[in-house]
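Shown next, in structure tokens, is the structure this report addresses.
Counting convention: from 1, in listed order, for ligands and their atoms alike.
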Amino acid sequence: MDTLTADTKHHISSKTDQYQHHDYYMIDELLSEDHLLARDAVRDWVKKEVSPIIESYSEKAECPQHLFKGLADIGAFGPSLPVEYGGGGMDEIAYGIIMQELERGDSGIRSMASVQGSLVMYPIYRFGSEEQKQKYLPKLGSGEYIGCFGLTEPDHGSNPSGMTTNFVEDGDDIILNGAKMWITNSPVADIAVVWAKGPDGAIKGVIVEKGMEGFTAPEIHGKWSLRASITGELVFEDVRVPKANILPNVSGLKGPLSCLSKARYGIAWGAIGAALDCYDSALRYTKEREQFGKPIAGFQLTQKKLAEMITEITKAQLLVWRLGTLANKGKATPAQISMAKRNSCHMALNVAREARQMHGGMGITNEYPIMRHMMNLETVLTYEGTHDIHLLITGMDVTGINAFK
Ligand code: TGC
Ligand code: FAD
């Protein structure tokens, strides 16, 4: 829905023009041909499939579910997982750059890919049995199955170790009880990777399938953020699940936290995409919008904002590039990933807020992507570990003292 009539529109081309590439420190030179090809393919797909529809889906608070198949086709699900297990067989930088391009379109679209690849396929690939991998991964990689990841509970968000979702054994099955909250994709998911405490109190991953008796996934309504992404609960009332659905190769909180490391890495890249889209829009708008007889980009205060935006974007780009090179060598630590996730989200939210101001009144409308990105980024700053939790992870890493306990 257009907010404004043709007469009241400012007719500034910022919204529809071709996207301009912002690579202030020539980071492209650090990327391989494969990285650039992956980036350009995803960027083109986003321009064609996401940008034309995203404002309308966000406004309706509806998930564009038809995009799951397209995301699979462009290799957005598990780009750095092996091809034989439904992934893209690329490296970690390719994975990151794909997330950046998706989030340039919308954080909710990037979330669809993050959850499927890093939080559903990855734990099955890393901790699953060969039978589980064969059964689920090809269907998840091709988009035939949608998955979700259940860690957070109504009373345990930042502190997942306190979870109360649990199971007891019953012959060849387990009986699962409990509830998960804020679960991306849960109402439309075919399977859920659920983290629950077993009889010995150890946390295990369990694959729960849609249709199992006693399992429901009601949608959560009323979100002002990530509106094009569907979010729900997972409710388990004496759900009988075969023991064969337990991920055999991990026990304890390090299971879900390892998946989070993978997904947080992608978000560190992704949020930069949202920042780039806001910066791009602000740069165009301020060069064309005239007040006091000249483009507002000609005023020193506007230039300060633009200069600080591109400086912070560039610093974040260099941080994630370095993180990606470490990840490719298997050397990126969880604490380094936390630092990058926190930095990118905070930076992107600040860029979005500045860009909103620079568009004046137009900045609050759906004529420009700014408010949508800004509202989305409030979630991105919070999920996968809040801004403050990641700060405390860095604090613990540099001091050796655990502030959580
Ligand atoms: P703690 O005692 O520190 O650690 C328990 C075990 O886990 C290991 N570990 C990790 N392993 C891999 N990757 C990581 N990032 C890890 N962090 C810790 C750790 O070494 C230990 O191993 P072991 O062998 O000694 O048992 O655990 P804690 O209970 O003190 O908690 C620490 C804390 C607070 C940092 C952690 O729980 C945390 O990160 N909290 C934030 C929760 C969170 O991020 N939730 C996200 C839910 S999923 C989501 O938001 C998806 S959004 C999806 C979308 O994109 O739409
Ligand atoms: P709380 O943990 O209650 O935190 C509230 C505030 O207290 C925060 O500011 C926090 O930083 C602060 N705080 C908490 N502990 C401390 C401390 N020790 N020191 C200082 N401050 C502290 N979860 C999943 O499992 N799967 C999903 O797919 C998923 N998708 C999501 C989608 C959306 C749209 C949203 C909003 C959330 C999603 N989450 C998901 C949940 C998300 O990970 C949690 O919201 C997040 O981890 C924070 O938990 P909480 O909301 O319970 O906040």
From Thr152, Leu253, Val115, Thr184 - option closest to atom 28 (P) of ligand 1 by heavy atom | Leu253

Quick one: does ligand 1 sit under 4.0 Å from the side chain of Ile267, the backbone, both or neither, non-hydrogen atoms only?
-> neither

Does Ala263 come within less than 4.0 Å of ligand 1, judged by its heavy atoms?
-> no

Pick one of side chain, backbone, both or neither for how Leu260 approaches ligand 1, counting any non-hydrogen atom pair under 4.0 Å.
-> side chain

Mind checking whether Lys405 has an N or O less than 3.5 Å away from an N or O of ligand 1?
-> yes

Mind checking whether Leu119 contacts ligand 1 via backbone (N, CA, C, O), side chain (CB onward), both or neither, at a 4.0 Å heavy-atom cut-off?
-> side chain

Are any of the heavy atoms in Gly252 under 4.0 Å away from ligand 1?
-> no

Examine the proximity of ligand 2 to Leu392 and report which part, side chain or backbone, both or neither, has a heavy atom under 4.0 Å away.
-> side chain

Under 4.0 Å from atom 12 (C) of ligand 2, is there any protein heavy atom?
-> no

Report the member of Arg264, Glu384, Lys262, His390 with the shortest heavy-atom distance to atom 39 (O) of ligand 1.
-> Arg264

Nearest non-hydrogen protein atom, atom 30 (N) of ligand 2 = Trp182 O, 2.7 Å

On the ring face of Tyr265, is Lys262 found with NZ or CZ under 6.0 Å from the centre and within 45° of the axis?
-> no

Test item: protein heavy atom less than 4.0 Å from atom 27 (C) of ligand 2 | yes

Mark whether atom 7 (O) of ligand 2 lies under 4.0 angstrom from at least one protein heavy atom.
-> no

Tell me, please: is Met112 in heavy-atom contact with ligand 1, that is, under 4.0 Å?
-> no

Under 4.0 Å to a heavy atom of Gly157 - the qualifying atoms of ligand 1, by number = 42 (C)

Counting only heavy atoms, which portion of Ser158 has something under 4.0 Å from ligand 1: side chain, backbone, both, or neither?
-> backbone

What atoms of ligand 2 come within less than 4.0 Å of a heavy atom belonging to Leu151?
-> 25 (O)

Heavy atoms of Gly108 and Leu226 approach each other most closely as N-CD1, 3.6 Å

Hey, is Phe149 touching ligand 1 through its side chain, its backbone, both or neither, going by heavy atoms under 4.0 Å?
-> side chain

Does some non-hydrogen atom of the protein lie less than 4.0 angstrom from atom 19 (N) of ligand 2?
-> yes

